> 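Pasting a structure below so you can have a look.
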2 protein chains.
Amino acid sequence: MTETDRRIAVFESQLKGAGLRMTQQRRLILRVLAEADDHPDAKGIFTRAFAHDPTLSLSTVYRTMKVLESQGAIERHAFEDGISRYEHADQEHHDHLIDVDSGEVIEFSSDAIEELQRRIAAELGYELVRHRLELYGRKKQPARRGGRKAP
Amino acid sequence: MTETDRRIAVFESQLKGAGLRMTQQRRLILRVLAEADDHPDAKGIFTRAFAHDPTLSLSTVYRTMKVLESQGAIERHAFEDGISRYEHADQEHHDHLIDVDSGEVIEFSSDAIEELQRRIAAELGYELVRHRLELYGRKKQPARRGGRKAP
DNA sequence: TTGCAAATGATAATGATTTTCTGTTAGGCC
DNA sequence: GGCCTAACAGAAAATCATTATCATTTGCAA
């Protein structure tokens, strides 16, 4: 049984427990997500899934994303363009660095920053519930002799 | 001359420098923003400004926000609901803590966290261009005898 | 297998934001 | 002071992601 199959099985029992059903569409979308190593948006997920089942509709993708999110199976992020992007959730917490030139999303995590955030919230009299941290950066050229970009 | 007037004057000369004009509407919107101590969205700004000039239209607010932003006079933020909120920009950089219960937005800044972010980006081979940090928290009760909320 | 709640697909609706269209105005120039 | 015209303004239509509606289909438990 592949990792993807295991995830789908786990989710199916989660659904059952919530009185919801496992359908072909949900299975397919879940598979697409489990196999994605990026952060696709609804349309991206739809496109990939549609290739396997041309009867699928975009509404179903949106609806399914909501179910998946409410079950904690996926995480939703909205970076600067405001569009929701998704990734499966059974992984360690992490934040994102977005390459401002290419749009590439890099995951990272830092205990130090987590701790610091908690402390800052505490100083303000708050208990940290969650946070959103996005770094926007530009790839550094490895240091070379002289100035920028040799032809 | 009030602080608000000073801000408006500064902005007027900025506009001039960019070949743009100072209009009644821009003056009004700028005044509303300068006097706001919260983070209103376009509709909120429109509502407040409309009270002073019922001929103002929402499109003008949106257009003006874009001009103001391009001139660096305001900053735009989009918290979890995805709606753009604005605040005037002539202040120190800061991040936001959002009270998950009340929606209240608290500003804070931390050199430590700025530095840490820069270092994390650097470790990933990136130069930090900007970042977005939002903490979502719940107000801590001052410690009392016993458990939560006494009736 | 049958019944029915839940889910789906197609499509319309929503809501924030942007663009288009067309008429108005500021402000330098004569 | 009056003209000219690019920049403006307001109204309304267009966009775009997302959500709601509704008639039809489908899991799935009895």
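Everything numeric here is computed off the predicted structure, so don't read it as measured data. Hydrogens, waters and symmetry mates are skipped; everything else that's a heavy atom, side chains included, is used. Below, read A as the first sequence line, B as the second, and so on, with proteins coming before strands; counting in each chain starts at 1.
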> Could you list where the contact with chain A starts and ends along DNA chain C, reading 5' to 3', using a 4.0 Å heavy-atom cut-off?
dA5(C) to dT11(C)
> Which residues satisfy the salt bridge (Lys or Arg N to Asp or Glu O under 4.0 Å) test with D37(B), sequence neighbours excluded?
none
> Enumerate the residues from residues 51-74 of chain A whose closest heavy atom to DNA chain D is under 4.0 Å, giving them by residue number; use none for an empty result.
S59(A), Y62(A), R63(A), K66(A)
> Give the residues of residues 20-38 of chain B touching DNA chain D, defined as any heavy atom closer than 4.0 Å, sorted by residue number.
L20(B), R21(B), T23(B), Q25(B), R26(B)
> Please enumerate all residues that pass side chain to side chain contact (heavy atoms under 4.5 Å, CB included) together with A78(A), with sequence neighbours excluded.
R132(A)
> With sequence neighbours excluded, what pairs up with D111(B) under the side chain to side chain donor-acceptor pair (under 3.5 Å) test?
none
> Suppose we screen for side chain to side chain donor-acceptor pair (under 3.5 Å). Which residues come up paired with Y136(A), at least two apart in sequence or across chains?
E134(A)
> Quick one: salt bridge (Lys or Arg N to Asp or Glu O under 4.0 Å) partners of K16(B), sequence neighbours excluded?
E12(B)
> Applying side chain to side chain contact (heavy atoms under 4.5 Å, CB included), name anything that partners V10(A), two or more places apart in sequence or on another chain.
R6(A), Q14(A)
> Return each pair, listed once, that meets salt bridge (charged side-chain N to carboxylate O under 4.0 Å, His left out) where at least one residue sits in residues 116-126 of chain B; pairs must be two or more places apart or across chains.
E115(B)-R118(B)
> Nearest-Å distance, CZ (R85(A)) to P (dC16(D))?
16 Å
> Would you list the pairs meeting salt bridge (charged side-chain N to carboxylate O under 4.0 Å, His left out) in which at least one residue belongs to residues 40-50 of chain B, sequence neighbours left out?
D38(B)-R48(B)
> Going by side-chain heavy atoms closer than 4.5 Å, which hydrophobic residues are tied to L28(A), directly or by a chain of links?
I8(A), F11(A), L15(A), L20(A), M22(A), I29(A), L30(A), V32(A), L33(A), I45(A), F46(A), F50(A), L56(A), L58(A), V61(A), Y62(A), M65(A), V67(A), L68(A), I74(A), Y86(A)
> Consider only side-chain N and O atoms of E104(A) and H39(A), and report whether a donor and an acceptor are under 3.5 Å apart.
no
